[in-house]
Visitor: 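For reference, the structure I am asking about is given below.
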Amino acid sequence: SPGREREIFVDEGAINAVDLRAWLEREAKKVQRPSLLVLVGSGVQTTDFTAIASAAHAAGFVHVQMAAQEPTAPSGGGR
């Protein structure tokens with residue numbers, strides 16, 4: 001998440017918020033109308049997604065969407 005010490009994963013592996021901007025700029029140049037799908041875990045705040053979406057739009061992405069992962073059930077047995 002931009003501005004915080006959380007992990008951001010891209011195709012090449014984990015990067016920080018500063019490197020994310022450069023990655024977005026490189027990726028946006030690869031196709032004519034770039035789109036980005038941001039997969040977020042249950043602990044990611046909406047403001048984190050908004051920051052990523054803003055950076056993606058600034059880098060040239062036309063469409064930015066968010067998909068949320070369902071929280072995983074704690075291990076250790078059933079109900």
Visitor: Any chance you could measure I15, atom CD1, to L24, atom CG, to the nearest 0.5 Å?
Guide: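 Here the interatomic distance stands at 7.0 Å.
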Visitor: Could you work out, with side-chain contact (heavy atoms from CB on, under 4.5 Å) as the rule, every residue matching V38, not counting sequence neighbours?
Guide: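 side-chain contact (heavy atoms from CB on, under 4.5 Å) check on V38 returns L36, V40, F49, I52, V64.
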Visitor: Taking all atoms of both residues into account, what is the closest heavy-atom pair of R26 and K30, and its distance?
Guide: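 Closest approach of R26 to K30, heavy atoms only: O-CG, 3.7 Å.
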Visitor: CH2 of W23 to CD1 of I8: how many Å apart, nearest 0.5 Å?
Guide: 10.5 Å
Visitor: When hydrophobic residues are tied together by side-chain contacts of less than 4.5 Å, even through go-betweens, does F61 share a cluster with V10?
Guide: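 Yes: a chain of side-chain contacts under 4.5 Å links F61 to V10.
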Visitor: Nearest 0.5 angstrom please: Q65 CD to S35 OG, how far?
Guide: 7.0 Å
Visitor: Taking all heavy atoms of A67 and all of L37, pick out the closest pair and write down the distance.
Guide: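 Shortest heavy-atom separation between A67 and L37 comes out as CB-CD1, 3.9 Å.
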Visitor: For Q32, which residues count as a side-chain contact (heavy atoms from CB on, under 4.5 Å) partner, sequence neighbours excluded?
Guide: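 Here no residue qualifies.
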Visitor: If every non-hydrogen atom of A59 is compared with every non-hydrogen atom of A28, which pair is closest and at what distance?
Guide: O-CB, 3.3 Å
